[in-house]
Each structure stands twice: as structure tokens, then as C-alpha cells.
Amino acid sequence: MNTAVTIPIDSTSSTKHSTANRGVGLSIALWSVQVLLAALFSVTGGIKLFLSPEQIAHMGSSMPIPMPLLRFIGVSELLGAIGLIFPSFLRIQPRLTVYAAWGLVMVMILATIFHISRGEFGEAPVTILIGLLAAFVSVGRSKWRPIISRKG
């Protein structure tokens with residue numbers, strides 16, 4: 001067993017060490033955003049899917065949305081939330097996390113358009129930020145810190 005300790009004395013080994021630290025930091029950031037988005041979309045999707053039309057109406061919606069559309073959005077958000085975590089965590093088809101994140105980017109683009117069309121300009125920055133976070137997860141898990149699939 002080799003127990004030698006390498007002390008970086010040149011820029012090359014120092015760069016390798018800092019690159020490894022950035023990789024760990026990026027991985028932590030990606031997991032943090034994945035968990036945050038999964039929690040957010042679980043709640044919002046659950047509300048859209050499981051609350052009654054009367055309960056949803058009391059939440060302040062000024063323009064009625066067809067209930068089938070609202071239920072579809074709820075299912076999409078819940079599946080996206082599941083897709084952000086489980087494929088990567090279980091390392092079974094982790095590329096599904098990338099697809100789930102891109103799907104949630106699309107949901108947020110449509111949500112932004114929807115809120116702007118209703119004159120709810122204060123909602124647009126929130127949906128844009130959430131969409132950018134989902135894009136960060138998608139690019140991060142496809143290019144910067146992909147999860148390796150479990151073999152066997």
C-alpha cells in the first residue's frame with residue numbers, strides 16, 4: 001500500500017488539485033439545485049394535480065385555466081421532480097435526469113409566456129430563474145458532471 005503524500009510544488013499539480021475541488025463543488029451545487037427543484041416541482045405539481053378546482057380557485061387565480069390542462073401540468077411537474085433525482089441517485093439511466101431538466105425548462109418557458117400574457121409581469125422573473133436553474137442541471141449533468149450509469 002502506497003501511503004506517500006504528494007505536496008503540490010508546481011503549477012501543474014496545483015491546477016489538478018483545484019480542478020478536482022471545483023468538480024466536487026460543482027457536483028454539490030448540481031445536487032443542491034436538483035433537490036431544490038425537485039421539492040419545488042413536487043409541491044407545485046401536487047397542488048395542481050390533487051387539489052380540487054374550488055381549492056385552486058381560492059389560491060388567487062384571476063383567469064380560469066381548464067382543469068385538464070392544470071392536471072396535465074401537475075403530472076408533468078411531478079414526473080419532472082422524480083426525474084431530477086431518482087435516475088441520478090440510483091444511477092439507472094441517469095441521462096433521464098438531463099431529459100427531465102430540459103422538460104422542466106420547457107414548462108418554465110411556457111409558464112413565463114402564460115404569466116406575461118396575463119399581465120403578471122412580477123411572476124416572469126421567478127419562472128425565468130427556475131427555468132435557468134433547470135437548464136443548469138441539464139447542462140451540468142450532460143456535460144460538466146455526468147452521473148455514470150451503474151453496470152450490471
Side-chain angles (χ1 to χ4, degrees), residues 1 6 14-118 120-152:
M1 174 164 56
T6 304
S14 175
T15 303
K16 287 179 188 174
H17 182 68
S18 65
T19 303
N21 285 343
R22 272 186 297 211
V24 170
L26 182 57
S27 186
I28 290 170
L30 284 164
W31 273 113
S32 298
V33 172
Q34 284 174 250
V35 169
L36 174 75
L37 289 176
L40 174 74
F41 283 110
S42 292
V43 170
T44 60
I47 287 170
K48 291 175 182 97
L49 189 58
F50 297 116
L51 290 186
S52 70
E54 295 79 25
Q55 292 170 313
I56 292 172
H58 284 91
M59 297 179 82
S61 179
S62 61
M63 180 174 150
I65 302 168
M67 195 50 61
L69 175 60
L70 201 61
R71 300 295 192 213
F72 174 76
I73 296 167
V75 168
S76 299
E77 290 178 348
L78 280 175
L79 290 175
I82 291 166
L84 285 174
I85 301 297
F86 288 105
S88 289
F89 180 73
L90 298 174
R91 293 181 23 226
I92 299 172
Q93 299 294 326
R95 71 178 177 272
L96 293 176
T97 295
V98 175
Y99 300 147
W102 278 126
L104 292 171
V105 168
M106 294 307 300
V107 169
M108 290 296 96
I109 289 170
L110 295 171
T112 302
I113 293 168
F114 175 77
H115 286 297
I116 289 173
S117 74
R118 291 175 51 161
E120 299 170 347
F121 299 106
E123 299 291 328
V126 175
T127 55
I128 291 169
L129 175 63
I130 294 168
L132 288 172
L133 289 172
F136 168 70
V137 169
S138 186
V139 172
R141 287 299 178 207
S142 65
K143 304 224 182 276
W144 304 325
R145 298 297 291 173
I147 303 288
I148 304 302
S149 184
R150 185 183 313 213
K151 302 283 187 207

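Because only heavy atoms are used, hydrogens play no part in the values below, and waters and symmetry mates are left out as well, while side chains stay in. All values derive from a computational prediction rather than experimental measurement. FYI, the numbering just counts along the sequence from 1.
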OG on S88 to CG on L96, rounded to 0.5 Å: 9.0 Å
Quick check: do F41 and L78 have side-chain heavy atoms less than 4.5 Å from each other? no
Is the shortest side-chain heavy-atom distance between M67 and P53 below 4.5 Å? yes
Determine whether I147 and T97 make a side-chain contact, defined as any pair of heavy atoms from C-beta on separated by less than 4.5 Å. no
What distance do L69 atom CG and F114 atom CZ have between them, rounded to the nearest 0.5 Å? 8.0 Å
Does L30 form a side-chain contact (heavy atoms from CB on, under 4.5 Å) with F136? I'd like the steps, not just the answer. CA-CA 8 Å; L30 284 164; F136 168 70; 3.5 Å; yes
Enumerate donor-acceptor pairs with a distance under 3.5 Å from any side-chain N or O in residues 98-112 to protein atoms, sequence neighbours excluded.
from, atom 1, to, atom 2, distance (Å)
W102, NE1, S138, OG, 2.4
T112, OG1, M108, O, 2.8
T112, OG1, T127, OG1, 2.6

Sub-4.5 Å side-chain heavy-atom contact between R71 and K48: no
Rounded to the nearest 0.5 Å, the CD1 atom of I82 sits from the CZ atom of F86 at a distance of 7.0 Å
Would you check if the side chain of S27 reaches a backbone N or O of G23 as a donor-acceptor pair within less than 3.5 Å? no
Cation over ring, R145 on W31, under 6.0 Å and within 45°? no
In Å, rounded to the nearest 0.5 Å, how long is the span from OG of S32 to CG of L37? 10.5 Å
Output all residues satisfying side chain to side chain donor-acceptor pair (under 3.5 Å) with S76, sequence neighbours left out; order by chain, then residue number. none
So, taking the atom named CD in Q93 and the one named CG in L90, what distance separates them when rounded to the nearest 0.5 Å? 11.5 Å
Does a donor on one side chain sit under 3.5 Å from an acceptor on the other, for E123 and H115? no
Going through the distances and angles, do R141 and Q34 end up as a side-chain contact (heavy atoms from CB on, under 4.5 Å)? CA-CA 10 Å; R141 287 299 178 207; Q34 284 174 250; 2.8 Å; yes
